[in-house]
Amino acid sequence: MRQCHNSLPWRFIKGCMTISDTLFTSPKQAMDLLWARVRQRGDLPGFSSAVRAILGAMRGEDDREFSMTKTVLSDPALTQKVLRLANSPMYAVFGGQINTVSKAVIVLGTEAIGHLALGLKLIDGLSDVSDESENTRAQMEKALLAGQIARYVASSASTRDAEEAVVCSMLHSLGRMMVAFYLADYWLAIQTRCAGDGLAEADAVRAVLGMQLDEIGRLIAQHWGLPASLVNSLQDMLPQEVSEPLDHADWLAAVSTMATSCANVLHHNNSSTMEAISIIANDYAEMLGLEVSQVLTAIDAVQANTQEEAALIRPAREIDMRKNAPASVGKPDDTLNILANGIHDMREALQRISAAQLMSMALETVYKGFGFSRAIAFLRNQETAKYVAHMCFGEGAQDILPHLAFGDAYQPDVFHAALANDKMIFVENAQDQKFINKLPRWWKEQFPTSRSFIVLPLSLNQQPMGFIYGDWDQHLFPSKIEAAEILSLNELRALVMQAYERWQHACNGAKVKGR
């Protein structure tokens with residue numbers, strides 16, 4: 001059986017020996033201590049809250065795609081990583097450049113993006129604690145390596161969800177990571193029993209903690225509310241002969257076990273590494289529905305791309321910068337380029353997606369392109385004779401969304417003026433006392449910190465049907481809308497109107513057919 005080979009300084013081993021006198025008498029005692037330590041030190045920084053947001057978007061019944069887009073965009077670092085992986089060779093089968101999260105969600109699917117985001121947030125959470133101890137860092141590196149192996153192996157099994165396999169594989173050692181981080185003294189006691197007493201790791205873990213590491217991982221995953229399929233995959237599946245293909249749950253457990261075993265071997269990297277990898281590949285290939293050569297090729301690809309994939313671990317200084325940075329930094333230097341890329345995505349997808357999906361892409365493009373504090377899409381509801389906010393990006397925008405509605409009867413304010421004339425309006429200083437009377441009460445109540453904003457009207461058959469709103473808060477550096485950017489905005493809204501015109505024709509055709 002596999003032995004523990006970690007070399008530990010004697011002063012640490014000596015300090016842990018007294019733990020043997022206070023072994024847990026039940027698994028509950030071990031978990032109680034673990035949760036007590038979590039409360040003392042805090043959960044994996046930012047991970048649990050992010051997990052809840054991502055899972056909420058995956059489980060939502062309405063506007064799942066937009067909810068997932070909004071969840072990813074709320075984290076700039078996650079946004080860049082999702083787009084980078086969406087454009088990686090792994091997804092080359094989809095073809096074309098993906099410039100917006102909205103398109104990535106549409107092309108890859110909500111489930112795939114959700115699993116991808118979960119995996120990346122796990123890496124971020126582990127990166128935040130990676131400097132705490134050498135043990136935690138080592139476990140994090142092995143978890144990341146297991147995820148890489150799973151991605152390449154799962155891509156060979158084209159009927160499987162690669163990103164779900166990645167998340168399951170990275171979380172497969174969740175119990176090990178949590179014990180190494182929160183119960184470091186007990187973890188060192190386990191290593192001592194392996195090194196000093198010659199125990200197999202499983203026996204040492206059972207002796208010290210009263211339960212196995214995969215049991216701890218499943219209990220933690222359940223506590224976090226992770227999907228049942230993911231929780232069930234956090235169990236070690238021994239090699240076995242199979243007479244028929246594994247079901248999805250067992251396949252996830254098998255690929256996770258295989259990836260974790262390979263990661264442990266590759267991490268130690270000694271003279272017997274390739275022999276051990278070959279044994280693991282032979283043990284699991286048939287279970288995974290693959291040839292041994294396919295598994296070995298996937299592992300070779302991981303080793304060849306280790307440096308590139310390792311870039312997903314953010315340096316500590318980048319973490320600190322992101323924590324201290326405001327939610328929005330204002331207008332970026334490459335606004336025209338961002339707008340052009342977003343419009344390219346919209347034009348490519350125009351004939352294949354719904355009007356609402358294209359609106360999501362347009363809103364994201366405007367939000368990111370100008371670095372707005374908020375970007376909101378309003379649509380006219382003919383039955384209530386009101387303009388009502390339907391989609392929003394930006395910190396705090398979701399909270400005020402229910403309050404963003406106003407009548408479509410003409411009023412002498414900038415919003416009705418823009419809609420009546422079908423012309424974009426840019427207000428450079430909304431707080432100017434000479435201008436304040438041109439702003440409606442609902443705007444003053446809901447956007448008291450806004451300095452500048454645009455209103456981009458949307459008209460169908462020469463009738464206003466809504467508008468895109470974007471603003472910069474007062475704490476941001478003052479910015480303007482340039483002439484070239486206005487041209488891009490007009491091109492963007494023309495694409496949105498084409499989508500809604502097609503949608504209207506489809507609705508009218510359905511009505512005629514139904515008569």
Side-chain angles (χ1 to χ4, degrees), residues 63 65-70 73 96-107 335-372 374-382 386-394 397 401 404-405 408 414-426 453-471 481 484-509:
D63 298 325
E65 291 172 342
F66 182 74
S67 294
M68 183 60 70
T69 298
K70 184 164 55 177
L73 284 175
Q97 181 76 9
I98 295 177
N99 301 293
T100 58
V101 175
S102 300
K103 184 178 180 181
V105 173
I106 293 167
V107 171
T335 290
L336 277 175
N337 186 50
I338 297 173
L339 292 176
N341 288 336
I343 290 169
H344 174 268
D345 275 4
M346 293 172 62
R347 190 181 294 109
E348 274 201 337
L350 178 61
Q351 301 302 323
R352 306 192 309 273
I353 64 177
S354 69
Q357 289 172 326
L358 198 78
M359 176 67 90
S360 173
M361 294 174 68
L363 195 65
E364 177 187 346
T365 299
V366 170
Y367 175 62
K368 290 170 55 181
F370 290 98
F372 282 135
R374 289 163 291 270
I376 304 168
F378 288 76
L379 293 178
R380 184 177 177 225
N381 186 318
Q382 293 186 353
K386 288 184 176 181
Y387 290 97
V388 181
H390 281 258
M391 299 178 181
C392 63
F393 291 124
L401 198 66
L404 300 180
D408 64 2
V414 292
F415 292 91
H416 283 102
L419 291 164
N421 294 288
D422 195 26
K423 298 286 187 182
M424 189 200 84
I425 287 182
F426 170 56
F453 67 85
I454 67 165
V455 180
L456 185 66
L458 306 170
S459 296
L460 190 60
N461 300 325
Q462 299 183 332
Q463 294 296 318
M465 59 151 286
F467 62 94
I468 292 175
Y469 168 90
D471 67 10
I481 307 293
E485 295 161 357
I486 294 176
L487 293 176
S488 294
L489 286 172
N490 285 334
E491 186 177 0
L492 177 144
R493 70 170 177 163
L495 291 170
V496 172
M497 295 326 303
Q498 287 182 47
Y500 275 97
E501 186 174 11
R502 192 180 76 245
W503 170 76
Q504 188 181 65
H505 287 162
C507 289
N508 291 338

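In this chain, numbering begins with 1 at the start of the sequence shown.
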Heavy-atom closest pair, residues [X] and [Y]:
{"X": "Arg380", "Y": "Pro464", "answer": "CD-O, 3.6 Å"}
{"X": "Ala356", "Y": "Met391", "answer": "O-CE, 3.2 Å"}
{"X": "Gly466", "Y": "Leu419", "answer": "O-CD2, 3.5 Å"}
{"X": "Ile338", "Y": "Gly369", "answer": "CG2-CA, 3.5 Å"}
{"X": "Leu350", "Y": "Leu358", "answer": "CD1-CD2, 3.6 Å"}
{"X": "Val388", "Y": "Ala405", "answer": "CG2-CB, 4.2 Å"}

If I take atom [atom1] from residue [X] and atom [atom2] from residue [Y], how far apart are they, to the nearest 0.5 angstrom?
{"X": "Lys103", "Y": "Thr69", "atom1": "NZ", "atom2": "OG1", "value": "13.5 Å"}
{"X": "Ile468", "Y": "Met424", "atom1": "CD1", "atom2": "CE", "value": "11.5 Å"}
{"X": "Leu458", "Y": "Leu492", "atom1": "CG", "atom2": "CG", "value": "9.0 Å"}
{"X": "Met465", "Y": "Leu460", "atom1": "CE", "atom2": "CG", "value": "6.5 Å"}
{"X": "Asn490", "Y": "Lys423", "atom1": "CG", "atom2": "NZ", "value": "8.0 Å"}
{"X": "Phe467", "Y": "Ile425", "atom1": "CZ", "atom2": "CD1", "value": "11.0 Å"}

Side chain Asp345, main chain Thr100, donor-acceptor under 3.5 Å: yes
- prompt: Would a distance-only check, ignoring hydrogens and angles, find a side-chain to backbone donor-acceptor pair under 3.5 Å from Thr335 to Phe370?
  reply: no
Below 4.5 Å, heavy atoms only, C-beta onward: do [X] and [Y] meet side chain to side chain?
{"X": "Met361", "Y": "Ile353", "value": "yes"}
{"X": "His390", "Y": "Met359", "value": "no"}
{"X": "Asn341", "Y": "Gln97", "value": "no"}
{"X": "Val101", "Y": "Met68", "value": "no"}
{"X": "Leu339", "Y": "Thr365", "value": "yes"}
{"X": "Arg493", "Y": "Pro457", "value": "yes"}

message: My understanding is that only one of Tyr367, Phe372, Tyr469 makes a ring pair (Phe, Tyr, Trp, His ring centres under 6.0 Å) with Phe393; could you say which?
response: Tyr367
Only counting residues at least two apart or in another chain, list the ones meeting salt bridge (Lys or Arg N to Asp or Glu O under 4.0 Å) with [X].
{"X": "Glu501", "answer": "none"}
{"X": "Arg502", "answer": "none"}
{"X": "Lys70", "answer": "none"}

- request: Take Tyr500 and Leu379, measure what side-chain contact (heavy atoms from CB on, under 4.5 Å) needs, and give me the verdict at the end.
  value: CA-CA 11 Å; Tyr500 275 97; Leu379 293 178; 3.7 Å; yes
